[in-house]
Amino acid sequence: MKKTLVAIVALVVAMAFTGCNREKSKAESMVKDFLKENLVENDFKVMDFSRLDSTTFVSDSMAHMMRMKMANNPLFKPEMNYQKGHKTRKLYFIRVKYRIEKDTILQTFYFDDELSRVVSFKEG
């Protein structure tokens with residue numbers, strides 16, 4: 001009986017870990033695609049991603065402010081392409097560290113609650 005319970009708990013933990021890894025991989029892929037599409041210099045190298053997390057503390061107005069601020073960043077094309085979608089209270093986020101030539105850049109990317117699009121991003 002004890003062995004069965006331990007096996008069930010191990011299986012549940014393994015399944016949860018696999019789901020988290022799948023979501024993190026999806027977020028990483030979206031960040032890379034966003035960078036490829038929107039950076040002026042397309043020759044970048046991703047060095048590291050943080051863990052994927054969520055927040056309810058970023059409002060629509062804060063996301064809009066991030067977009068406006070990053071629109072003036074010379075590393076990015078003036079008209080960045082954000083996919084349209086519904087507003088969400090909960091956002092996922094991941095930090096990425098990448099290099100362009102000799103510069104190391106650290107940014108935080110925010111995604112909608114379905115992990116289907118980049119909502120905004122910021123320095124740091």
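Values reported hereafter were calculated over all heavy atoms of this structure, with side chains retained and with hydrogens, waters and symmetry mates removed. Sequential numbering from 1 along the given sequence is applied to the chain's residues.
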Identify every side-chain donor-acceptor pair in residues 35-48 under 3.5 Å, counting partners at least two apart or on other chains, and give the distances.
from	atom 1	to	atom 2	distance (Å)
Glu37	OE2	Asn81	ND2	2.4
Asn38	OD1	Asn81	N	2.9
Asn38	ND2	Phe34	O	3.0

The criterion is side-chain hydrogen bond (donor to acceptor under 3.5 Å, both in side chains); which residues satisfy it with Asp33, sequence neighbours excluded?
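Asp33: no side-chain hydrogen bond (donor to acceptor under 3.5 Å, both in side chains) contacts found.
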
For Ser29, enumerate each residue passing the side-chain hydrogen bond (donor to acceptor under 3.5 Å, both in side chains) test, keeping only those at least two apart in sequence or located in another chain.
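Here no residue qualifies.
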
Co-members of the apolar cluster containing [X] [side chain, <4.5 Å]:
X	value
Tyr110	Val58, Met62, Met66, Leu91, Phe93, Val119
Met68	none
Phe57	none

Can you list every pair that meets salt bridge (Lys or Arg N to Asp or Glu O under 4.0 Å) and has a residue in [range], with sequence neighbours left out?
range	result
residues 90-102	none
residues 107-118	Asp112-Arg117
residues 54-68	Asp60-Lys87
residues 69-82	none

Under the side-chain contact (heavy atoms from CB on, under 4.5 Å) rule, what do Ile94 and Phe111 come out as? Steps first, then yes or no, please.
CA-CA 9 Å; Ile94 195 168; Phe111 311 93; 3.6 Å; yes

If I take atom [atom1] from residue [X] and atom [atom2] from residue [Y], how far apart are they, to the nearest 0.5 angstrom?
X	Y	atom1	atom2	answer
Ser25	Leu115	OG	CG	11.0 Å
Met30	Ser116	CE	OG	7.0 Å
Leu75	Ile105	CG	CD1	5.0 Å
Arg51	Asn21	CZ	CG	13.0 Å
Lys26	Leu52	NZ	CG	11.0 Å

Applying ring pair (Phe, Tyr, Trp, His ring centres under 6.0 Å), name anything that partners Phe49, two or more places apart in sequence or on another chain.
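Counting only residues at least two positions away or on another chain, Phe49 forms no ring pair (Phe, Tyr, Trp, His ring centres under 6.0 Å).
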
Specify the closest pair of heavy atoms between Glu123 and Gln107, including all atoms of both residues, with the distance to one decimal.
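Heavy-atom minimum between the residues: OE2-NE2, 3.3 Å.
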
Side chain proximity check, Asp53 to Tyr92, heavy atoms < 4.5 angstrom
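Of all side-chain heavy-atom pairs linking Tyr92 with Asp53, none is under 4.5 Å.
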
Can you name the salt bridge (Lys or Arg N to Asp or Glu O under 4.0 Å) partners of Arg89, sequence neighbours left out?
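Scan of Arg89 (salt bridge (Lys or Arg N to Asp or Glu O under 4.0 Å), adjacent residues dropped) gives none.
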
Linking I/L/V/M/F/W/Y whenever their side-chain heavy atoms sit closer than 4.5 Å, directly or via other members, would Phe76 and Met65 fall into one cluster?
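Shared cluster, no.
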
Salt bridge (Lys or Arg N to Asp or Glu O under 4.0 Å) evaluation trace for Lys24 with Glu28
CA-CA 6 Å; Lys24 184 177 186 239; Glu28 290 174 2; 3.0 Å; yes

